[in-house]
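One structure is given here, and the rest of the page talks about it.
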Amino acid sequence: MLYSPDSNVTKESFMLKIAVTGAAGRMGGHLIKAVTDAEGITLAAAIERPGHPMVGQDAGILAGCGALNVLISDQLEASLKAVDVLIDFTFPDVTLANAEICAKVKTNMVIGSTGFTPEQRQQLADTTGNIAVMLAPNMSVGVNACFKLLKEAANILGDGFDVEVVELHHNKKKDSPSGTAVRMGEVVADALGRDYNKVANYHREGMCGERTKEEIGMQTVRGGDIVGEHTVYFIGMGERIEITHRAMSREMFSRGAARACQWIKDKAPGMYDMQDVLDLK
């Protein structure tokens, strides 16, 4: 059934209803604005941790996009009863707790939290077997295009080039290396037939010996207000290839999340990523 302006049913009842966690935070504000700007979706709930000082405030006003008559709540399960998709850009432990509630009430999830361990990723998959979950460390279209380019470059260059990943972020970022950097390392390792968890090298200091042929260096820089910058170096004898992505604002992440909500609405239960959303596989 399609919406008709001549019907007695409101347009909002045909729109996908979205909830945003961490609604009073910086990223939460970007997500709320992206949801309100996107076609076919609407903000139905805004969530914060219990006891947060902004509980009860209008989420739209805090996000800088005007009153939306959606008050920030600290009652996730009750809020999700009228929601189709929850956007979660929090932290792994919080996301896992939220996932249990989403599975209970059968609300799909779009997750941008980073820093998951392999065990936590498995726990998330086990917890959410009855809903559709889109989990991506970075929802930028450009970054996901880079993932595809990195796979192709690694396949072409093979073992003849050393691989180093360098990422830069603002001084408030809590996890290191970034989820995007880890995913870049994983993509290259998979293409080269290596186990990322065995070849990733996060630390070099002192007499650490020569670089091994298989290792993938993972280097981290933190400072100022850098939104995010990632470079993967393929370094050969007499030549070097660099694939770089620079984020100028957080809006690209939130726009990607809104796009993922629209995509996941009718998907079967399972784990998906942004490569699925963009049809890059």
Side-chain angles (χ1 to χ4, degrees), residues 12 16-37 41-117 119-121 123-128 130-131 133-137 139 169-176 178-179 222 225 227-228 249-251 253-254 257-258 260-261:
E12 285 72 20
L16 199 67
K17 296 175 177 60
I18 309 300
V20 173
T21 57
R26 179 170 48 182
M27 192 64 208
H30 285 293
L31 290 167
I32 288 169
K33 188 175 187 306
V35 169
T36 59
D37 289 345
I41 63 178
T42 186
L43 185 73
I47 315 298
E48 263 298 348
R49 57 178 170 77
H52 193 283
M54 292 297 105
V55 169
Q57 300 298 308
D58 189 291
I61 293 176
L62 287 179
C65 53
L68 297 175
N69 296 319
V70 177
L71 303 184
I72 295 178
S73 170
D74 59 4
Q75 300 298 311
L76 178 61
E77 184 170 346
S79 299
L80 291 183
K81 291 181 179 178
V83 166
D84 299 302
V85 182
L86 172 69
I87 303 178
D88 188 322
F89 275 63
T90 55
F91 304 100
D93 289 342
V94 177
T95 300
L96 289 170
N98 292 344
E100 291 185 9
I101 296 175
C102 284
K104 180 179 178 181
V105 300
K106 295 185 179 179
T107 297
N108 291 340
M109 299 184 74
V110 167
I111 300 172
S113 307
T114 61
F116 287 95
T117 65
E119 293 76 18
Q120 287 174 321
R121 288 190 194 183
Q123 182 182 344
L124 180 65
D126 293 341
T127 300
T128 59
N130 65 331
I131 61 174
V133 176
M134 202 292 293
L135 169 65
M139 298 189 192
H169 278 88
H170 53 88
N171 57 21
K172 303 298 183 184
K173 187 168 178 59
K174 293 180 173 61
D175 60 316
S176 175
S178 70
R222 294 286 178 266
D225 60 353
V227 175
S249 78
R250 291 175 177 80
E251 292 179 2
F253 307 130
S254 52
C261 287

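Computed over heavy atoms, backbone and side chain alike; hydrogens, waters and symmetry mates excluded.
Met134 places none of its side-chain heavy atoms less than 4.5 Å from the side chain of Val85. Within the 4.5 Å cutoff, the side chain of Asp175 has no heavy atoms near those of the Phe91 side chain. Counting only heavy atoms from C-beta outward, the side chains of Ile47 and Asn98 never approach each other to under 4.5 Å.
One distance of note links CG of Asp37 with CD of Glu251; it measures 8.5 Å at 0.5 Å rounding. The structure places CG of Leu135 at 10.0 Å from OG1 of Thr114, a figure rounded to the nearest 0.5 Å. Rounding to the nearest 0.5 Å gives a distance of 11.5 Å between OG1 of Thr21 and CD1 of Ile72. Note that NE2 of His170 is 4.5 Å distant from CZ of Arg250, once rounded to the nearest 0.5 Å.
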(request) Would you please test Cys261 and Ile87 for side chain to side chain contact (heavy atoms under 4.5 Å, CB included) and show each step? (result) CA-CA 8 Å; Cys261 287; Ile87 303 178; 3.6 Å; yes
(message) Is there a side chain to side chain contact (heavy atoms under 4.5 Å, CB included) between Asp84 and Lys17? Walk through the geometry before answering.
(response) CA-CA 5 Å; Asp84 299 302; Lys17 296 175 177 60; 3.5 Å; yes
(message) Checking Ile131 against Met109 for the side chain to side chain contact (heavy atoms under 4.5 Å, CB included) test, could you report, in this order, the C-alpha distance in whole Å, the side-chain angles of both residues, the deciding distance, and whether it holds?
(response) CA-CA 8 Å; Ile131 61 174; Met109 299 184 74; 4.1 Å; yes
(message) Val94 vs Ser113, test: side chain to side chain contact (heavy atoms under 4.5 Å, CB included). Steps then yes/no.
(response) CA-CA 9 Å; Val94 177; Ser113 307; over 6 Å; no
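Residue Gln120 qualifies as enclosed at atom CD: its count of foreign heavy atoms under 6.0 Å is above 12. Crowding of Asp225 atom CG: a count of heavy atoms from other residues, nucleotides or ligands under 6.0 Å not exceeding 12.
Side-chain atoms of Asp88 never come within 3.5 Å of backbone atoms of Ile111 as a donor-acceptor pair (strictly under, hydrogens ignored).
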